[in-house]
Amino acid sequence: MADWKDQLPQAARTYIEGQRLDEVECIISDLPGIARGKAVPASKFAKQSYFHLPDSIFYQTITGDWGEAAGEDGFIERDMILKPDFTTASAAPWTGDWTLQVIHDAYDRDNNPIPYSPRNVLKRVVQLYHDKGWKPVVAPEMEFFLVAPNVDPAQGITPMMGRSGRPAAARQAYSMTAVDEFGPVIDDIYDFAEHQGFEIDGITQEGGAGQLEINLRHGNPVKLADEVFYFKRLIREAALRHNCFATFMAKPIEDEPGSAMHIHHSIIDIETGQNIFSGPQGGETDAFYHFIAGLQNHLPAGLAVMAPYVNSYRRYVKDHAAPINLEWARDNRTTGIRVPLSGPEARRVENRIAGMDCNPYLGIALSLACGYLGLIQQERPRRQFYGDAYEGDGDIPQVMGNALDLFDEATALHEVLGPEFARVYGIVKRAEYEEFLQVISPWEREHLLLNV
């Protein structure tokens with residue numbers, strides 16, 4: 001790999017130009033979206049074409065325990081072969097030396113992709129589109145909170161202290177003054193993103209206290225998932241420089257809105273380069289309606305992927321800027337599926353269901369998988385919704401256990417995402433959920449201890 005630096009993206013080459021590269025972080029996403037891997041000296045990285053990690057990293061729950069997902073051979077922790085994707089090489093500008101990060105793909109000893117590696121799951125779904133002559137395009141939106149440092153889990157999460165010396169204010173959506181309160185953090189986010197070669201489409205204040213949203217430009221689903229994966233770490237590092245935490249929990253603060261990862265989708269015909277959601281005269285096509293129907297029909301069974309923790313379901317409450325149903329409408333943010341204002345060439349469908357706590361590879365893969373099923377099965381959506389969708393009844397699972405039951409039965413989704421992924425994911429998430437059920441909450445102690 002003597003010429004590996006020649007394969008780097010321009011931003012990475014610029015970052016290390018004239019510098020002595022010290023270290024390369026070889027990383028891969030686990031099921032929750034945590035970066036796992038090894039940091040190696042740059043001189044050693046130059047001599048290796050792969051490295052090993054045990055497949056057990058994909059059986060681990062968010063608490064560090066293990067789901068019994070190893071299969072018939074038992075928990076023997078086979079080594080995977082992890083190969084670098086040099087197109088993902090990116091600076092780690094918060095480190096004290098000159099460091100690059102490189103995302104790796106996981107293979108078994110026969111060079112087959114590991115089916116439950118999240119990046120491989122997304123690649124599988126994208127390939128199914130390509131096999132049909134389609135190129136999916138996505139644009140994720142990332143919502144998150146900047147909060148005061150919280151080192152005691154028994155204490156509630158509170159907004160960070162702003163530049164003015166006052167706590168971040170709630171219900172100030174789109175306020176530029178509110179954004180200015182976080183100016184030093186945002187400056188570092190921009191600087192880190194520039195070093196890493198990421199293009200931010202915009203940063204806005206959202207409705208929650210200390211809640212921000214970053215929009216990314218539309219593009220290749222795998223590339224955009226890589227960026228969200230990188231951004232979560234980038235934003236956390238920027239926050240830590242200014243004595244605050246960045247959290248991507250779906251619902252970190254009571255009585256405040258939750259954080260979503262809205263996903264915009266369009267599909268391009270590879271042969272013609274045209275958006276298949278728009279016809280020759282600019283009208284909406286059957287494919288447009290099939291895609292919407294796929295989201296309506298299959299998202300309930302996939303919610304356990306887009307809402308992967310018990311906290312995720314606290315976000316789906318009326319009048320808190322999160323959907324409670326899978327109605328669809330044009331330019332209506334109360335519905336779970338929204339068609340934004342756009343011209344025919346940019347016609348797209350927005351999925352507002354996914355939480356920011358989901359793994360970006362899996363969240364995007366699941367959303368595309370639902371739309372794919374709608375397309376190939378030529379499904380028809382419900383009639384467009386008019387009015388305030390919060391006034392209707394919800395039609396998505398309200399608790400993690402119900403969502404997992406639906407996911408376990410969703411064989412059509414399993415075939416698109418990969419049956420082995422579905423098996424492992426269901427087992428690991430069930431283990432997490434059962435562990436949570438053993439925890440007695442402060443609410444239970446407060447209201448039940450002496451009253452029942």
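Y59 has its side chain within reach of Y116: a pair of non-hydrogen atoms, C-beta onward, lies under 4.5 Å apart. Two residues are said to be in side-chain contact when any heavy atoms from C-beta on lie closer than 4.5 Å; D22 and W98 meet this criterion.
The salt bridge (charged side-chain N to carboxylate O under 4.0 Å, His left out) analysis of residues 80-106, with sequence neighbours excluded, yields the pairs D85-R119, D105-R119, D105-K123. Under the salt bridge (charged side-chain N to carboxylate O under 4.0 Å, His left out) criterion, the residue pairs touching residues 394-403 are R382-D395, with sequence neighbours excluded.
Of the options D188, L234, T99, a side chain to side chain contact (heavy atoms under 4.5 Å, CB included) to W94 is made by L234 and by none of the others. Checking F245, F231, F248 one by one against F144, the ring pair (Phe, Tyr, Trp, His ring centres under 6.0 Å) holds for a single residue, F248.
Here the two rings, on F407 and H414, have centers that are under 6.0 Å apart.
The ring pair (Phe, Tyr, Trp, His ring centres under 6.0 Å) test applied to H298 returns no partner, not counting sequence neighbours. Under the ring pair (Phe, Tyr, Trp, His ring centres under 6.0 Å) criterion, Y316 pairs with no residue at all, not counting sequence neighbours. Looking at residues two or more places apart in sequence or on another chain, you find a side chain to side chain donor-acceptor pair (under 3.5 Å) between R430 and D405, D408. Under the salt bridge (Lys or Arg N to Asp or Glu O under 4.0 Å) criterion, D331 pairs with R338, not counting sequence neighbours.
Atom CG of N220 is surrounded by more than 12 heavy atoms from other residues, nucleotides or ligands within 6.0 Å. Other residues, nucleotides and ligands place more than 12 heavy atoms under 6.0 Å from the CZ atom of R445. For CD of Q127, the number of neighbouring non-hydrogen atoms (other residues, nucleotides, ligands) closer than 6.0 Å is greater than 12. Counting heavy atoms of neighbouring residues, nucleotides and ligands inside a 6.0 Å radius, atom CD of E420 exceeds 12 of them.
Taking CD1 of I189 as the start and CZ of R241 as the end, the distance is 12.0 Å to the nearest 0.5 Å. In this structure, CD in E444 is found 11.0 Å from CG in L449, a value given to the nearest 0.5 Å.
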Task: Worked check of side chain to side chain contact (heavy atoms under 4.5 Å, CB included) between F58 and V428 - done: CA-CA 8 Å; F58 297 119; V428 171; over 6 Å; no

Open item on the list: Is there a side chain to side chain contact (heavy atoms under 4.5 Å, CB included) between K232 and M142? Walk through the geometry before answering.
Closed with: CA-CA 9 Å; K232 282 190 169 184; M142 301 182 295; 5.6 Å; no

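A donor atom on one side chain and an acceptor atom on the other are found under 3.5 Å apart for D226 and Y361. S266 and H218 form no side-chain donor-acceptor contact under 3.5 Å, judged by distance and modelled atom types alone.
The pair E25-R233 meets the salt-bridge criterion, since a charged nitrogen lies less than 4.0 angstrom from a carboxylate oxygen.
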